[in-house]
Amino acid sequence: MLFYHHRYNLKMESKGGQTQPRRMSGEREDDETAAEAAESQAFGVALDKLMAAEAEAETQRGRAGGTLLPRVLRECIAYLWRNGLDTEGLFRRSPPSTALRAAKLRYSRGQAVDLEAAGVHVAAVLLKVFFRELPDAVFGGGYAAVRALPVARVGKDADTEADADTEADAEELRARMEEMRTRYVREEIVAPLSRATRHALCGTFALLHAVARNEARNRMTAYSLAVVWAPNLARSADPAEDVAMCAAGPAAATVGGAVQIMVQAFGAVFAAEISDLCAGADGGGEDESEAVGGEDAASRVLAAIARSGTPP
């Protein structure tokens, strides 16, 4: 039952959020979907191709240098950073299908999109759909590296408790395990990904880190975000295994477990990519990150994204 519920939710979100009324002709809808995919300048296109196009456009504008994310990513990330951090259930709720489909179609055609009118839930789902429709999944082609993620034992019978003489010792052991898991995600799971993928993830997870830090208002913890985001990043030849890989938590050697670490330990996991995304964007103008956390890594990245791709 969980498997079918999972697949149904992803299918409906990709088609435009809430269930749409049946058309008189199913063939007409299929034709429209195929035509949209064929002309898309945003969805279903390889990340390296999108980012190369952005770099060329910047060069033509006389602003070469730095790393520019695909337009749909930077616009949705910047909009949600400024407007969505207090929204309860962000990334969990589905928007009206007509609004989502209209915004996605305009991005696909390279047209302007009014995210203020569309709303935060449209922007949030567009981010998830962008990653879900990549030709090559972020975590696809097998999960060997993810399965080897060190797991933290939990409960009173866990080694971190049994081997500790004092509560302070137990806390130190837990901290060491967390550091080990973070290092493994950085070196064995994220580092082997393509440069374009790492940069896209860095920008996106800067936002997710900011969302998790605001969990008191939006009720989206790092665990909650891992649960709703993992299905958009995991895709293999075995759909049932994909579902199993979306579990999260400190004892999970899964995509969900890795995603939770990427949210919680953003600065440590994406240290190199943070420098790349901020390069060329911090050199001019007032640094917006000063208003939301100073030198905090996620705030610096989000401020850089908010300034990128705009007229000088």
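Checking each of Glu172, Glu178, Glu171 against Arg174 for a side-chain hydrogen bond (donor to acceptor under 3.5 Å, both in side chains) leaves exactly one that passes, namely Glu171. When His199, Arg198, Arg195 are each tested for a side-chain hydrogen bond (donor to acceptor under 3.5 Å, both in side chains) with Glu273, only one passes: Arg198.
Using modelled atom types, one side-chain atom of Asn218 and one backbone atom of Val211 make a donor-acceptor pair closer than 3.5 Å. Looking only at distances, no side-chain donor or acceptor of Thr197 sits under 3.5 Å from a matching main-chain atom of Leu193. Using a distance-only test at 3.5 Å, with no hydrogens or angles considered, a donor-acceptor pair links the side chain of Asn214 to the main chain of Leu85. Between the Thr254 side chain and the Ala247 main chain, a donor and an acceptor come within less than 3.5 Å of each other. Thr87 contributes no side-chain N or O that, together with a main-chain N or O of Leu90, makes up a donor-acceptor pair within less than 3.5 Å.
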Verdict with reasoning, Lys104 to Glu133, per salt bridge (charged side-chain N to carboxylate O under 4.0 Å, His left out): CA-CA 12 Å; Lys104 184 184 178 189; Glu133 294 187 358; 2.8 Å; yes

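In this structure, CZ in Arg213 is found 10.0 Å from CZ in Phe266, a value given to the nearest 0.5 Å. One distance of note links CH2 of Trp81 with CG of Leu207; it measures 10.5 Å at 0.5 Å rounding. With rounding to the nearest 0.5 angstrom, the CG atom of Asn83 is 4.5 Å from the OH atom of Tyr79. To the nearest 0.5 Å, atom CG of residue Leu149 and atom OH of residue Tyr143 are 14.5 Å apart. Here the CD atom belonging to Gln260 is positioned 12.0 Å from the CG atom belonging to Leu208, to the nearest 0.5 angstrom. Distance CD/Glu88 to CZ/Arg217: 12.5 Å, rounded to 0.5 Å.
Transitive grouping of hydrophobic side chains (ILVMFWY, heavy atoms separated by less than 4.5 Å) brings Met245 and Val228 into a common cluster. Using a 4.5 Å cut-off between side-chain heavy atoms of Ile, Leu, Val, Met, Phe, Trp and Tyr, with links allowed through other members, Leu201 and Val125 fall into the same hydrophobic cluster. Neither Met220 nor Val227 shares a network with the other; the hydrophobic side chains, linked directly or stepwise wherever heavy atoms of I, L, V, M, F, W or Y lie under 4.5 Å apart, form separate groups for each.
The shortest non-hydrogen separation linking Gly203 to Ile305 is CA-CD1, 3.6 Å. Here the closest non-hydrogen pair linking Ala306 and Ala78 is CA-CB, 3.9 Å. Residue Arg106 comes nearest to Ala112 through the heavy atom pair NE-O, 2.6 Å, listed as atom of the first residue, atom of the second, then distance. Between His121 and Gly89, the closest heavy-atom pair is CE1-O, 4.2 Å. Shortest non-hydrogen contact noted between Arg235 and Asp242 is CA-OD2, 3.6 Å. In plain terms, the two heavy atoms of Ala297 and Ile274 that are nearest each other are CB-CD1, 3.7 Å.
Side-chain contact between Phe130 and Leu47: present, with at least one pair of heavy atoms (C-beta onward) separated by less than 4.5 Å. A heavy-atom distance below 4.5 Å is found between the side chains of Val113 and Leu115. Considering only heavy atoms from C-beta on, Met177 comes within 4.5 Å of Pro150 through its side chain. Side-chain contact check for Leu73 versus Phe131: some heavy-atom pair is nearer than 4.5 Å. Residues Thr204 and Trp229 form a side-chain contact, since some pair of their non-hydrogen atoms from C-beta on lies under 4.5 Å apart. No side-chain heavy atom of Tyr223 sits less than 4.5 Å from a side-chain heavy atom of Val263. With a 4.5 Å cut-off on side-chain heavy atoms, Leu80 and Leu127 count as touching. In this structure, the side chains of Gln41 and Ser108 stay at 4.5 Å or more apart for every pair of heavy atoms.
For the 3.5 Å distance criterion, the side chains of Glu75 and Tyr107 qualify, holding a donor opposite an acceptor.
Note on Glu54 versus Arg74: salt bridge recorded, some NZ/NE/NH1/NH2 to OD/OE distance being below 4.0 Å.
A cation-pi arrangement, defined by a distance under 6.0 Å to the six-membered ring centre and an angle within 45 degrees of its axis, is absent between Lys128 and Phe91.
Evaluation of the side chain to side chain donor-acceptor pair (under 3.5 Å) test over residues 179-191, restricted to residues two or more places apart or in two chains, returns none.
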